[in-house]
Amino acid sequence: MLLERDDVWSAAAAAAGAARAGNGRWMLLAAAAGLGRSAALDAIVRRETADGAMRAVHARCAPEEREFPFGLVRQVFPEDEDVPFSAPAGPDEQRVSHRLVTRLARSAAERPVLLAVDDLHHADEQSRRWIGYLARRIAELPVLLVLTECLDQSDPTPPAPDHGMCVALRSLSASAVTRLARAAGLDEEQTATCVEAGAGNPALVQALVADLGEGPLPRSPSAPARSRYRDTITDWLRHRADPRSRHVCVALAVAAEGDTPAAPGFLDRTADLSPHPHPPSARSVRRLGGLMRHPLAREAVLAAAEPDETAALHACLAELLDQSGAPATAVADRLLHLDRPTGGWMARALAEAAEEAASAGRVAEATAYLRHALSGPLDADRRATLSLRLGALELPHSATAGIRRLSTGLELHTDVRERAAAAHALSAALVAGRRTDIALRVLHQAGRGADDDELVQELQTLAALISSHDAVAWRSAVAGLRVLAPTAPATIEPLVCGLITEYEAGAGLCSAAEALRRIRPRLTAPVHPRLRTAWLGSAGTLLQWADCLPEARRLADSCLPAPPTPPDLTDAGLQCLHSVRAEAALWAGDFTRVLAENTPLVEASAGHGVRLPHLVAMVATACSEAGRRTAAWEVLAAPGTSGADSSWEWNELSYARALLHAADGDWQAALDEHLACGAGQDARDFVSPVATPWRSGAALALVRLGRLAEARELAEEELRHARTWGTARTIGRALRAHAAAVGGRLALESLTEAVELLRPSPAPVELTEALVDLGRAHIEAGNGRKGRDRLREAHTVAQRLAVAAPDAGNGAPSLSGRLLGVTEEALREGRVRGRTQAGTGCAALTAAERRIVGLAAGGHSNAQISAALHLTRRTVESHLTSAYRKLQVTRRTQLAAVLARDTDATAPAATMMAVTTPAGAPGRP
C-alpha cells in the first residue's frame with residue numbers, strides 16, 4: 001500500500017541517478033512502525049535496479065543481533081572472513097571500516113551498488129559506526145545507500161548531512177484511506193472505522209479493509225473469524241517491536257481503558273516495568289496514544305499482552321490515580337483487573353468506591369468493588385466491616401446472600417459492642433427475610449454474657465422493636481419495656497417510651513393528643529447513636545397516626561437516603577421510616593410520590609427472598625388510587641403468603657387487598673380480607689382504626705351484601721375506637737361507615753359531621769369519599785342542589801389527587817384516578833336522579849348493580865351474566881343480593897316489573913336506568 005509516496009520515489013530516483021554518475025548518495029527513510037518503511041525500501045530497490053544498471057545488496061537488522069559486533073556488516077559482506085566477531089579497539093576498528101569501504105568501492109566500480117539497510121535502529125554499535133564511515137565517503141563512490149529507521153526509538157541521526165537526505169514517511173491521509181475503503185466496497189460506517197482505527201497506518205488500514213470486507217467487527221465469539229487487524233498488531237508486538245515500544249504500547253492501551261485518562265507521570269512510573277532503559281520518544285507516545293483510543297486497537301494490544309504485565313500496569317496506574325486525588329471509582333476500576341488486592345490502600349480505595357457507586361444507585365458496581373476488596377488480605381475487624389456493608393447492599397437482591405454476609409461479619413467481630421451492632425444489622429435483615437424468630441435469637445445471643453448493663457438494655461429495646469413483627473413476642477416485649485421504663489438510661493428512654501406508646505395507641509389506651517404530648521418533647525433529647533433511627537421510626541409512626549404528616553415526613557427524610565442511593569434494610573429503624581414515608585405520602589393523597597419512592601425497592605426485592613408486605617401494600621394502593629388497578633393486583637401478588645409470620649405488615653397487605661376487591665365490586669372478597677386483617681390485628685391487641693380501619697371496610701361490604709345488622713355493630717364499634725384516638729381522619733372514616741350502616745336521617749347527620757371534620761384535615765381521600773356519600777344522601781333526601789354542590793366539591797378534591805396519564809387520542813396528558821371516576825359517575829347520576837325513598841328504588845342502585853339487574857330481568861342466568869361482564873359468580877350474586885334489598889324484592893321474577901314501574905314514575909331516571917345486553921352477552925334463552 002504505497003499511496004502518497006511520490007515525493008519518496010522522486011527523491012530516490014534523483015539520488016540513484018547521482019550514484020550511477022559516480023556521485024554517491026545516502027537516503028534515510030524515517031517512519032513510525034507500520035507506516036511502510038520496509039515496503040518503501042523494497043519498492044525503491046525494485047525501481048532502481050529494474051534495468052540492471054545497479055546491483056542491490058540487502059541487509060536487515062534484527063533486535064536479536066544488536067549485541068553482536070559487525071552483525072550488519074557481515075550481511076553486506078557475507079564472504080569476508082576477516083570481519084571480526086568482537087569489538088576491536090579504535091585504530092583496529094578504523095582499519096576494518098577502511099578495508100570494507102575499499103572493497104565496496106571496487107565492487108561498485110564494476111556496477112553501481114544500491115545498498116539497502118532495513119531497520120537501522122536495531123543495528124549493533126560497530127555496524128552503525130561503519131554506516132556513518134561509509135556515508136561520509138560516499139560522495140566519491142557509485143553507491144546509493146538507502147536506510148530505514150523507526151521513529152518510535154528516537155529522532156533519526158543523519159549519517160552525513162552533506163551527502164544525502166532524511167525523508168519522513170507520513171501517515172496516510174483520511175482521504176487516501178477513504179479511497180481505499182470505497183474501492184473495496186465498504187460502506188460509510190466501515191470506512192470511518194478504517195480511518196479511525198487504522199490511524200493512517202498502511203498495514204493496519206490494509207488489514208481493516210480486508211476484515212471489514214468479510215463483515216463488521218468485532219465478530220460474535222460464537223462465530224469466530226480471522227482478524228487480520230488483530231494479527232497485524234499481535235505480530236508487531238510479539239516479533240518486531242523493540243521492548244521499549246512494546247511496553248509503551250501496552251501501557252497506553254491499559255491507560256486508555258475505561259473513562260479515566262492516564263495519570264500524569266504514568267509512563268515514567270512504569271519505566272521500571274520495561275526491559276529497555278531509555279524513555280520513549282514524545283512522538284511515539286503521541287502516535288501510539290492516539291491509536292489506543294480506538295477500542296479495536298486497544299483490544300488487540302491487550303489480547304497480545306501478558307496478564308501479569310497488564311495487571312502490574314493497572315496496579316501502577318491505580319496508585320497514581322489514588323495519589324492524585326482521582327475519584328475512588330476510577331482507582332477501583334483499575335484494581336478490579338488484579339487477581340486480588342494486595343495493599344491496605346487498595347482495600348480502602350475499593351471500599352470508598354463502593355460507597356461512591358452505591359450513592360449513585362449503581363449497586364451491582366458497588367458490590368463488585370466490595371467482593372474484590374474481600375478477596376485480599378485483611379484483618380478480622382476490617383473484613384467484618386466490609387462483609388456487613390456488602391451484606392447490606394446484597395440483601396434487597398438476594399436475601400440468602402445478604403444474610404450470609406451479615407452472619408460472617410457478626411462472627412468475625414470480637415469486640416462486644418461491635419458484635420451488638422452487627423447483631424442489629426443481621427436481625428433487621430432477618431426481619432426483611434421474614435425470619436423474626438431467628439432475628440430475636442440473634443439479639444438475645446449478642447447480649448448473653450455482656451457485663452455492660454446499658455448494652456444489655458440497648459439490645460433489649462432493639463429486640464422489642466423487632467418483636468413488633470411477632471404477635472406473641474410483642475406482648476411480652478412491651479411488658480418488659482414497662483419494667484425497664486422507670487430506670488432506663490436517658491439515651492434509651494425515648495425509644496422505650498415510643499414503643500410503649502405505639503402499643504397503647506393500637507390497643508385503644510391512648511389518644512393522639514396524649515401520644516404527641518409524650519413524643520414531641522423527646523424529639524430533642526439525646527439518643528444512643530445505634531438507637532437513633534429506631535427512635536425516629538417509632539416517633540414518625542406516631543406522628544403519622546396523629547395526622548402530623550409533614551412532620552413525620554421530615555423525620556423520615558432526615559434519615560433516609562435520597563434516590564438513587566439504595567435503602568439500607570439492615571437497620572430496623574430505617575425500615576420503619578420507609579414505612580412512615582410511604583404511608584404519609586399515601587394518606588396525603590400524593591400517589592405519584594408513593595410510586596416513585598417505593599416501586600424501585602419493591603421491584604428489586606421481588607422474588608429474591610426479601611418480602612416487604614407493607615411497602616407492597618402502599619404501592620398497590622397507590623396504583624389503585626391512580627387508576628392502575630391491574631398493576632395493583634400484580635404488585636400484591638409479589639410477597640406471596642404470610643405462612644407462620646405474624647408481622648403487622650401482613651395485616652396491611654390484607655387491608656390493601658380488601659380495598660382493591662371493594663373497588664372491583666367484589667364485596668364478599670373484600671369482607672373476607674377485612675376480617676382477615678382484623679383477626680391479625682386482634683392477635684396483637686391492635687383495636688384502633690388508626691392504621692387499618694378494617695371494621696369500617698367490613699361494615700361497608702356488609703351493607704353491600706345486605707347484612708345491615710352486622711354492619712351497624714362493626715361501624716359503631718369502629719366509631720367508639722376512632723373517637724378514643726381522636727383524629728379527624730379516623731373519626732370521619734368511621735362516621736362514613738356508620739352512615740352506610742344506619743341509613744336515613746342518621747346517615748345524613750353522620751356524613752355531615754364527617755365532612756366538617758375532614759375538610760380542614762390532611763385526609764383528601766377520606767374527604768372525597770365522605771363528600772360523595774353526603775352528596776348522594778342529600779339528593780336521595782330530595783335536596784338535589786345541596787347534594788350536587790357536595791358532589792362538585794368532591795370532584796374538585798379528586799382532580800387535585802388525580803395523576804397524569806397519556807391520552808390515547810392526541811398524546812396530551814389527561815387526569816386519571818379512582819376517586820376521579822367515582823366523583824364523575826356520582827355527578828352524572830346526581831344531575832338526573834329523581835326523588836325517591838333514600839336507599840331504595842332504582843335510584844339507589846350502583847352502576848354495576850344496574851347492569852346486572854338489567855341482565856337478570858332480561859332472563860339471563862348468573863353464569864351468563866358472569867361471562868358477559870367478566871365477573872366472578874360470587875360478585876354477581878353479591879350485587880344481586882344488594883339490589884334485591886334496594887328494590888325491595890325477594891325473587892328474580894319480580895325484577896322486570898319493578899324496573900318498569902320505576903321507569904314510568906321517574907322519566908328522567910329511565911335514561912340512566914336503561915340496561916342493554918353487552919356486546920357478546922348471550923341472548924334470552
Side-chain angles (χ1 to χ4, degrees), residues 1-6 8 29-43 118-119 148 150-152 168-242 245-246 248-258 283-305 310:
M1 191 175 297
L2 300 173
L3 296 177
E4 301 182 325
R5 297 290 185 257
D6 292 342
V8 177
L29 303 180
L35 291 187
R37 300 186 316 274
S38 298
L41 178 63
D42 292 341
D118 201 7
D119 292 344
T148 71
C150 182
L151 286 178
D152 292 341
L169 299 183
R170 296 184 300 276
S171 301
L172 293 178
S173 65
S175 60
V177 176
T178 300
R179 289 198 305 273
L180 288 168
R182 292 297 192 189
L186 302 186
D187 60 26
E188 184 176 348
E189 183 178 355
Q190 292 171 323
T191 298
T193 299
C194 290
V195 172
E196 295 167 7
N201 186 304
L204 295 181
V205 171
Q206 186 176 16
L208 278 171
V209 169
D211 285 339
L212 293 172
E214 298 176 358
L217 293 174
R219 299 186 179 92
S220 168
S222 61
R226 177 170 175 248
S227 171
R228 298 167 184 82
Y229 181 81
R230 174 175 287 190
D231 291 347
T232 300
I233 291 179
T234 300
D235 178 68
W236 177 73
L237 280 176
R238 292 182 175 174
H239 305 297
R240 294 191 294 113
D242 66 281
S245 296
R246 181 187 182 283
V248 168
C249 193
V250 175
L252 290 172
V254 167
E257 278 194 285
R283 182 188 294 108
S284 173
V285 172
R286 286 195 301 271
R287 183 182 62 82
L288 292 174
L291 181 61
M292 290 306 106
R293 282 195 289 270
H294 198 281
L296 285 178
R298 188 165 62 248
E299 290 162 6
V301 169
L302 294 175
T310 57

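Counting from 1, the numbers follow the sequence of the chain as shown. Keep in mind it's a predicted model, so treat the numbers as computed, not measured.
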Backbone of Arg293 reached by a side-chain donor or acceptor of Arg298 within 3.5 Å: yes
Point-to-point distance, once rounded to the nearest 0.5 Å, from CG of Asp119 to CZ of Arg37: 5.0 Å
Thr234 to Ala300 - nearest heavy-atom pair and separation: OG1-O, 4.3 Å
Residue pair Leu291 / Ala197: nearest heavy atoms and the distance that separates them: CD1-O, 3.4 Å
Within 6.0 angstrom of Arg182 CZ, more than 12 heavy atoms from elsewhere: yes
Nearest heavy-atom neighbours spanning Val301 and Val250: CG1-CA, 3.8 Å
Exercise: identify the closest heavy-atom pair between Leu186 and Gly213: CD2-N, 3.8 Å
Inter-residue atom distance Ile233.CD1 - Glu299.CD, 0.5 Å rounding: 10.0 Å
Under 3.5 Å donor-acceptor, Ser171 side chain and Asn201 backbone: no
Side chain Asp211, main chain Arg228, donor-acceptor under 3.5 Å: yes
Val254 vs Met292 side-chain heavy atoms within contact, under 4.5 Å: no
Counterpart residues, side-chain contact (heavy atoms from CB on, under 4.5 Å), relative to Thr232 (two or more places apart): Ala203, Leu204, Ala207
Test side-chain contact (heavy atoms from CB on, under 4.5 Å) applied to Val8 - qualifying residues, sequence neighbours left out: Arg5, Met27, Leu29, Ile44, Val167, Leu169
CG-SG distance between Leu208 and Cys194, expressed to the nearest 0.5 angstrom: 5.0 Å
Side-chain heavy atoms of Pro202 within contact of Gln206, under 4.5 Å: no
Point-to-point distance, once rounded to the nearest 0.5 Å, from OG1 of Thr193 to NE2 of His294: 5.5 Å
